[in-house]
Amino acid sequence: MKVHHLNCATMCPFNEAFTTRGGAWTARGRMVCHCLLIETPRGLTLVDTGLGLGDLAAPKQRIGRAMLALGAPSLDPHECAVRQVEALGYRADDVRDIVLTHLDFDHAGGIGDFPAARIHVHAKEFDAAMARASVGERERYQPAHWAHGPTWVKHREGGDTWKGFDAVQPLSEALPDVAMLPLHGHTRGHAAVAVRADDGWLLHAGDAYFWHDEISTSPWCPRGLAWFQSAVAIDDGARRRNQQRLAALAASASDVTLFCAHDANEYDRLRARSRGC
Ligand SMILES: [Zn+2]
């Protein structure tokens, strides 16, 4: 399957020193919303959506003042997934399935731009987003994103294993090469998404980590990103344990390319690789 790497929202958090290695105190950082567009025999599949056109039209209502200040998204409509799909020569309705690592606004913001798509999400994540049981969950989950009434496909823990990860659930019989791996911690139903591409496996780890060195043999993370991840995790112990599992996978599986949602270094490298640069 051919896979496109898309950045569906650039964020410029304050400041570079807190969010990169060796950054300046006076500059803003650069983060991305790394999404995948997969060409499958049954149409297009998106993994995560970044921000949508509706978010750009009403950012205070749909993103929130706190996250606008902290993340400083660029709010460029050309970055929205639907505009990038169209730029590739497709229509929004060609996107038949959207697989979400979780339902935070910066991952699910664009689902309303694809009204024909089925929305795949872990069942625990769906329940958490509908319940919005805590103050943090009322901030992170924005019901406006699913106000159009999408068709949900809720995935429970599957019986398959993949590269040492258990409870893996292939998306469907029609999409056997896309699978959901439970990696709870950042949210109650956070998951990674494995995709068998033409040149090996891709593992979109969502927000299971934020900086590439976190899953290296010498784990390290910029202070601001380390603080943010702990502050917003629903279960920080589970999040840390899952990071260790990903680090072990990165060290052992040469046929798997791992990346997270927000690391611009990983995105730039994989975007260039997919374009043959
Ligand atoms: Zn995120």
Side-chain angles (χ1 to χ4, degrees), residues 5-14 18-20 29-36 46-52 55-56 59 62-64 66-75 79-81 98-111 119-122 124-126 128-129 132 134 136-142 144-146 180-193 203-212 214-215 221-222 224-236 238-240 242-243 246 258-267 270:
H5 293 263
L6 310 179
N7 168 23
C8 296
T10 299
M11 293 180 284
C12 309
F14 182 79
F18 268 126
T19 53
T20 65
R30 173 176 168 255
M31 298 172 72
V32 298
C33 288
H34 193 156
C35 305
L36 301 178
L46 269 171
V47 179
D48 280 356
T49 67
L51 300 180
D55 299 320
L56 275 55
R62 292 179 49 138
I63 299 173
M67 288 311 300
L68 280 173
L70 208 59
S74 62
L75 305 179
E79 290 188 335
C80 290
I98 298 176
V99 193
L100 297 174
T101 58
H102 59 303
L103 284 167
D104 277 357
F105 71 93
D106 55 322
H107 299 256
I111 64 175
I119 310 300
H120 299 260
V121 66
H122 195 284
K124 288 180 182 169
E125 186 68 7
F126 178 85
R132 300 171 81 212
S134 66
E137 286 168 309
R138 285 192 284 282
E139 181 81 18
R140 72 196 311 165
Y141 297 128
Q142 298 294 329
H145 289 144
W146 39 87
M180 194 174 276
L181 285 65
L183 282 183
H184 308 332
H186 178 69
T187 60
R188 296 180 202 269
H190 183 280
V193 179
L203 186 66
H204 190 316
D207 285 359
Y209 69 97
F210 272 49
W211 182 258
H212 53 280
E214 288 183 277
I215 58 164
C221 184
L225 297 183
W227 168 81
F228 181 79
Q229 290 182 80
S230 288
V232 301
I234 202 84
D235 182 342
D236 203 40
R239 180 188 70 82
R240 290 173 186 276
N242 279 325
Q243 249 180 32
L246 291 173
L258 255 113
F259 60 94
C260 65
H262 298 307
D263 187 312
N265 303 279
E266 291 179 336
Y267 170 75
L270 292 173

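In listed order, ligands and their atoms are each counted from 1.
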Donor-acceptor pair, side chain of His122 and main chain of Pro182, under 3.5 angstrom:
no
Proximal protein heteroatoms (N, O or S) of the Zn ion (ligand 1), under 2.8 Å
Asp106 OD2, His107 NE2, Asp207 OD2, His262 NE2
Does the separation of the ring centres of His107 and His262 fall below 6.0 angstrom?
yes
Let me confirm one number: the CG-OG1 distance from Leu225 to Thr19, rounded to the nearest 0.5 Å.
6.0 Å
So Tyr267 and His34, would you call those rings parallel, tilted or perpendicular, with 30° and 60° as cut-offs?
perpendicular
Is it true that Asp236 and Arg240 have a side-chain N and a carboxylate O under 4.0 angstrom from each other?
yes
When rounded to the nearest 0.5 angstrom, what is the spacing between CG in Leu181 and OG1 in Thr101?
12.0 Å
